[in-house]
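To start, the structure itself, in structure tokens.
Side chains included, hydrogens not; waters and symmetry mates left out as well; all remaining heavy atoms used. Throughout, a chain's letter reflects where its sequence line sits, starting with A, and its residues are numbered from 1.
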Number of protein chains: 2
Amino acid sequence: MKKYLEILKKCALFADIDDEKLIKMLTCLGAKVAAFDKKYTVFAEGSAAKYIGIVLSGTVQIVQVDYYGNRSILSEMGTAEVFAEAFACAEISSIPVTVIANEPCEVMLIDCSHILHTCENNCGFHQQLIFNLMKDLAKKTILFHQRIEVTSKRTTREKLMTYLAIQAKKAGSDSFNIPFDRQELADYLEVDRSGLSAEISKLRREGVIKCDKNRFTLL
Amino acid sequence: MKKYLEILKKCALFADIDDEKLIKMLTCLGAKVAAFDKKYTVFAEGSAAKYIGIVLSGTVQIVQVDYYGNRSILSEMGTAEVFAEAFACAEISSIPVTVIANEPCEVMLIDCSHILHTCENNCGFHQQLIFNLMKDLAKKTILFHQRIEVTSKRTTREKLMTYLAIQAKKAGSDSFNIPFDRQELADYLEVDRSGLSAEISKLRREGVIKCDKNRFTLL
DNA sequence: TAAAGTATGTTGAATTTTCAACAAAAGGAG
DNA sequence: CTCCTTTTGTTGAAAATTCAACATACTTTA
């Protein structure tokens, strides 16, 4: 586990916990590491909501796929970010989303019940972990609000511009990369891919944005 | 505060805390009660994200209103439900939503920093409160997933049917009341009101649903 | 009770999206 | 480098949404 220490220290779940303690903790929590190739399923929809995941390398996507195969991308998680925590913490039986590896990646899996319920060793770090989990969940909720702000817009153009404005603000610059290809961006914005491509071209012709691959510039 | 005890006991925030302790706790937390008439603003967008709210009577709506005045209803909270906790817990400076009284209502307001940070009296209930907050936030996240499942659908018909199916499941019956009027339902589903009315009529004519005011029946 | 205001249903025109099909460009494997 | 696959852009037709305007039903209150 030591090789992952530098990454885990950046993880919000382990904020305010010192290195030495962190290593011990991982053993006590029964943390496991798993690797997945690109496109492989980390958690399948309907599987038990038991584990909290932490991205150690690569990225994973949280997606919902409906009856007709329509995909909706809820979020993308990169290094040191936590995923599936809401399902495990809410103690629901199965998860309503699919988590897939967006590129080759390693993830750490922790049985959430080990975090929530005090163990026989009475390790004494559960409180800090629960506090950190709470903060993490609060921040995730804020991200959902942001996503709704984007997808509640009625036209592809408005959705795209709202999304880009948020990304620019996040990057602190009018020029920034987005973590999605065209199809993924469409699945995040909840619009048709070809319509999105057309709208991007239109905005480019109008001189509103510049765009090269997944790098956008607001003009 | 005693008059609200029966309501507060039902509040998830105070789960596993006994009556006597709860009363003391409220004083220590500096809980205040405020009343609002219908349509009045409980929290305005942009105001400080300081307080957690608990509905004591009536209902409040969490809404986002964009630059052009388009309203989007994120959720509606009834008796004993908690709201605005995510913003307070994430310790962001201002809230990105508006909370309005949907009918005359009373709400309890608690300064979140009193929950998150141990007080000088060292009351010892913070841990339980934080645990409860974490569970509450996890459940809110699940509700957001559900809302996205609804609004990610591309047509008014699909959005409506997905929403009604979830409500039926929640009610445990094919017949149920929804907490929205037509305009509010449209603002929740992110669709046009008149289009929604037309779609409801169509579904009724086709014999897919029955509907009287805000009572729906799936056939 | 009457009047005024609010909510709901209906309709047609304008706008926008979706869908399908294809062309062009980019990327990867051998 | 070439072939094959994937991604992106383009287009037109069909479908759906939005918008505006109005009729009707329901509520509130004076």
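Listed for the Lys140(B) side chain is a donor-acceptor partner under 3.5 Å among the backbone atoms of Val82(B).
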Contacts under 3.5 Å, N or O only, protein and nucleotides 22-28 of chain C:
unit_1	atom_1	unit_2	atom_2	d
dG27(C)	OP1	Lys213(A)	NZ	3.3

Contacts under 3.5 Å, N or O only, protein and nucleotides 4-6 of chain C:
none

| request: List the steps, then state whether side-chain contact (heavy atoms from CB on, under 4.5 Å) holds for Glu199(B) with Val191(B). | output: CA-CA 11 Å; Glu199(B) 199 62 49; Val191(B) 298; over 6 Å; no

Item checked: Glu106(B) and Tyr4(B): CA distance, side-chain angles, deciding distance, side-chain contact (heavy atoms from CB on, under 4.5 Å) verdict -> CA-CA 10 Å; Glu106(B) 294 170 293; Tyr4(B) 301 116; 2.9 Å; yes

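Note that CZ of Arg204(B) is 11.0 Å distant from CG of Leu219(B), once rounded to the nearest 0.5 Å. Note that NZ of Lys135(B) and CG of Leu133(B) are 13.0 Å apart. Values are rounded to the nearest 0.5 Å. For the atom pair SG (Cys105(B)) and CE (Met77(B)), the distance works out to 13.0 Å, reported to the nearest 0.5 Å.
Here dT8(C) presents its P atom at 8 Å from CD of Gln183(B), a figure rounded to the nearest Å. A straight line from CG of Asp192(B) to C1' of dT15(C) spans 12 Å, rounded to a whole angstrom. Summarising the geometry, the separation between CG on Leu203(B) and P on dG9(C) is reported as 12 Å, rounded to the nearest angstrom. The NZ atom of Lys202(A) sits 12 Å away from the C1' atom of dT17(C) (whole-angstrom rounding).
Between Pro179(A) and Glu184(A), the shortest heavy-atom contact is O-OE1, 4.0 Å. Counting all heavy atoms, side chain and backbone alike, Ala186(A) lies closest to Asp192(A) at CB-C, 4.2 Å. Ala80(B) approaches Ile7(B) most closely through the heavy-atom pair CB-O, 3.7 Å. Looking at every heavy atom in both residues, Ala15(A) comes nearest to Asn132(A) through O-ND2, 3.0 Å.
For the pair Gln64(A) and Asp66(A), the minimum side-chain heavy-atom distance is 4.5 Å or more. Residues Leu116(B) and Met134(A) have side chains in contact (heavy-atom distance under 4.5 Å, counting atoms from C-beta outward).
For DNA chain C, the neighbouring residues in residues 154-162 of chain A, judged by any heavy atom under 4.0 Å, are Thr155(A), Thr156(A).
Residues that satisfy the ring pair (Phe, Tyr, Trp, His ring centres under 6.0 Å) test with Phe83(B), not counting sequence neighbours, are Phe43(B).
Comparing the start and finish of the helix from dT1(C)-dA30(D) to dG30(C)-dC1(D), five pairs each, the helix axis swings through 50°, to the nearest 10 degrees.
Taking the charged nitrogens against the carboxylate oxygens, Lys139(A) and Glu81(A) have no contact shorter than 4.0 Å, which rules out a salt bridge. Salt-bridge formation is detected for the pair Glu206(B)/Arg157(B): a Lys NZ or Arg NE/NH1/NH2 atom is positioned less than 4.0 Å from an Asp or Glu carboxylate oxygen.
Heavy-atom contacts of chain B under 4.0 Å fall on DNA chain D between two terminal nucleotides, which in 5' to 3' order are dA16(D) to dT27(D).
Here Asp181(B) lies in heavy-atom contact (under 4.0 Å) with sugar-phosphate atoms only.
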